[in-house]
There are 2 protein chains.
Amino acid sequence: MAELRRHTLRDIALTLNLSVNTVSRALSGKDGIGEKTRALVRAEAERVGYVPNSLARSLVLGSATTFGLVITNPSNPYYAQLISGIELRAKAHGYSLLLVVTDEAEENEARAAESLLRSSVSGAIVVPVQGQVDSWRRLGAVGVPTVLLNRDLPHLGYRFVGTDNELGAYQATAHAVARGARSVIVLEEDLPITTIANRIAGFRRAMAEAGLLVPRGSVISVPTRRYHHAALPWQPEEAYRVARRMLRRSRLPDAVVVGNDYFALGLYRALAEHGLKVPDDLMVIGFGDYPFAGFLSPSLTTVRLPAVEVGTTAVDLLLDEIAGGRGGQPRKQLIAPTLVVRESTGRPDGRRPIAG
Amino acid sequence: MAELRRHTLRDIALTLNLSVNTVSRALSGKDGIGEKTRALVRAEAERVGYVPNSLARSLVLGSATTFGLVITNPSNPYYAQLISGIELRAKAHGYSLLLVVTDEAEENEARAAESLLRSSVSGAIVVPVQGQVDSWRRLGAVGVPTVLLNRDLPHLGYRFVGTDNELGAYQATAHAVARGARSVIVLEEDLPITTIANRIAGFRRAMAEAGLLVPRGSVISVPTRRYHHAALPWQPEEAYRVARRMLRRSRLPDAVVVGNDYFALGLYRALAEHGLKVPDDLMVIGFGDYPFAGFLSPSLTTVRLPAVEVGTTAVDLLLDEIAGGRGGQPRKQLIAPTLVVRESTGRPDGRRPIAG
DNA sequence: GTGAAAGCGCTAACAT
DNA sequence: ATGTTAGCGCTTTCAC
């Protein structure tokens, strides 16, 4: 069926005594071709196992049916889900995915941008590192539709889809307050990204609305960046260290909101070692609703992030731009997260919550 | 710097009054070119922000500098790590990554194979679904070097890299036995893949060596396949259900070896609900050493899988084949996992183990 | 309804 | 050391 060299349109044309052109149109479903001819060509293509050469096709057309996907770290469960969602949607529309991992490093980002350019991707979905270097301007400049994910770079004017992190942190904090917390501490990654700035803003808003003070030191950074290596999970450990220091130093807060569910793991351990009980001594609220969150003990109240929805929206925006549309939609789209209440913030009804 | 149309070799040739060919060689670092000319060309390329068109290059050369990576489910932490590792290594050698997700479905697999073919990838790394359909033969048939990951298809003759699952399960079981277990139960996914068959074999070997019986029903399937949807984490929940049934029915085993750490979460919950203590009433051993394993309470003894090593080895094999080498290495390469002992199998020293 | 010709941007072979 | 020619496999334009 298939030999060592791939068959081309020319091969089929030759055996059928047709022109390459005719074969091309027969297979691409264009009209202006006899039904018998079309059937003939299709049969022969089938027989020899013809597979079109996308390189040639894309070269003529000026762009490949490929989307570039630039992610900081696929080992983050949130991004893993995102990748699946994006791949599924892209595939459904006939696009392949070129995956580039930046590992939160600007150097990689510059190379990633060039890689997408070289490959003539027809669109790009990018989680930018948000550093000093501007690696993504060129994509737009040469006409590659680009959508930013989760971290905005407003000056580029690209469309943006992300989670409403401000709202998420607000919900988390407000929930803690509603359950009686008067002092709340936030544990966040030390990345200089808007994601985190927004969460802190949400936290402050909730506190302000409740008329609660936010003393200095209420937002604690967990140093993770220098450990960034996409293949390694480092976060619970680092959060554990930071949490231990926190428990030694300060007066105990009533609740801790952490930047991701891994942090909650480290915090849980530190608290256990100090003989503190969650939620009785201290409430914990996570971010992410990672697969394990509902199965910890106590199960973790956490902000579920709409990873798949964010991903598919990004693809849709790209498809829309490729189709020429800029259908009046706003540049910036924020998708609301959902607070999933579990045991780590108390169980007022006395029953064990259902895992989610 | 960059305008809407990308610059080509021709553009540079025109402005410098050189032939396209000369420019090409100047930039590609071939010799037989004047140093001044080369400098001139490079400067101009830099000035206009020249980016080579890989489509054209690959079309001429017959294959793209791209590897196809076919994964069943990126939301599995093991595969997430694998992806990172592969991407890093491939990138270091100048290869991009075309990612295709199969979601354990044969239909997707057939389409995936064709997608790689269309894109003229220069190599493929594949985690096959191991179903009835033979989607991967054609790749090899048209000369695309292909490496199978984790699940072998020996009849294809492709190189294979994977984890030594037999050994992993053996270690896990032997460890439980060494800690006093006389009856051991295995909870595995219901996928018809060699991975799982091998683990069961390892389990049986350990039991046999210890002179222990393996009664019927010692291997329990957790139905996950029908839920397969790469973007959704379903496993703890399913394992929880199965574990609950197990606890109602049978006499209590001394230890349970589970197919992945998610299952351990479900099992933990079921045990807690039955008022059973780990490890005192029952030991639990996981598979995967997912990032949370060391932070559960009790922390989970588990088989750490060499995801990154498997991934980079796969890339190296591909590079080797592309370089023409088939350097006498065996077709099949198994990398040994490591048992990480933590609290869930008892703490003979009475001290809390360190998280890993 | 079908064919011939041109060209996408690049590299390789063969000039000079 | 540089230029010319040809061609990778496909689609588009324009004849017939």
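These numbers come from a predicted model, not from an experiment. Chain letters run A, B, ... following the sequence lines, proteins first and then strands; every chain starts at 1.
Taking the side chain as every heavy atom from C-beta outward, B/Phe67 and B/Leu98 never approach each other to under 4.5 Å.
Within 6.0 Å of CZ on B/Arg331 lie more than 12 heavy atoms contributed by other residues, nucleotides or ligands. Summarising the local packing, CZ of A/Arg111 is surrounded by 12 or fewer heavy atoms from other residues, nucleotides or ligands at distances under 6.0 Å.
Residues from residues 61-68 of chain A with heavy atoms under 4.0 angstrom of DNA chain C: there are none. Looking at residues 24-39 of chain B, you'll see B/Arg25, B/Gly32, B/Ile33, B/Gly34, B/Thr37 sit with a heavy atom under 4.0 Å from some atom of DNA chain D. Contacts of residues 50-58 of chain B with DNA chain C (heavy atom under 4.0 Å): B/Tyr50, B/Pro52, B/Asn53, B/Ala56, B/Arg57. For the contact set between residues 9-22 of chain A and DNA chain C, defined by any heavy atom under 4.0 Å, the members are A/Asn17, A/Leu18, A/Ser19, A/Asn21, A/Thr22.
Considering all non-hydrogen atoms of both residues, B/Ser96 and A/Ser115 come closest at OG-OG, 3.6 Å. The two residues A/Val308 and A/Gly85 come nearest to each other via the heavy atoms CG1-CA, 4.5 Å. Residues A/Leu318 and A/Pro145 come closest through the heavy atom pair CD1-O, 3.6 Å. The two atoms that bring A/Tyr79 and A/Asn73 nearest to each other are CB-O, 3.6 Å, heavy atoms only.
When DNA chain C is scanned 5' to 3' for any atom under 4.0 Å from a heavy atom of chain B, the first and last hits are C/dG9 to C/dA13. Contact footprint of chain B on DNA chain D: nucleotides with an atom under 4.0 Å from a non-hydrogen protein atom, first to last in 5' to 3' order, D/dA1 to D/dG9.
Checking B/Leu156, B/Asn150, B/Thr146 one by one against B/Val126, the side-chain contact (heavy atoms from CB on, under 4.5 Å) holds for a single residue, B/Thr146.
Note on B/Glu104 versus B/Arg151: salt bridge recorded, some NZ/NE/NH1/NH2 to OD/OE distance being below 4.0 Å.
Within the model, atoms CG of B/Asn76 and CD1 of B/Ile71 stand 9.0 Å from one another, a figure rounded to the nearest 0.5 Å. Summarising the geometry, atom CG belonging to B/Asn108 is positioned 10.5 Å from atom CD belonging to B/Glu106; distances are rounded to the nearest 0.5 Å. Atom CD of residue B/Glu114 and atom CZ of residue B/Arg138 lie 7.0 Å apart, to the nearest 0.5 angstrom. From B/Leu16, atom CG reaches atom OG1 of B/Thr37 across 9.5 Å, with rounding to the nearest 0.5 Å.
A side-chain donor-acceptor contact under 3.5 Å links A/Ser122 to the backbone of A/Ala64.
Using a 3.5 Å distance cut-off with no hydrogens or angles, the side chains of A/Ser120 and B/Arg6 do pair a donor with an acceptor. For the residue pair A/Thr313 and A/Gln333, no side-chain donor N or O sits within less than 3.5 Å of a side-chain acceptor on the partner.
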(request) Would you check, one step at a time, whether the test side-chain contact (heavy atoms from CB on, under 4.5 Å) holds for B/Leu153 with B/Trp136? (result) CA-CA 9 Å; B/Leu153 302 171; B/Trp136 303 111; 4.1 Å; yes
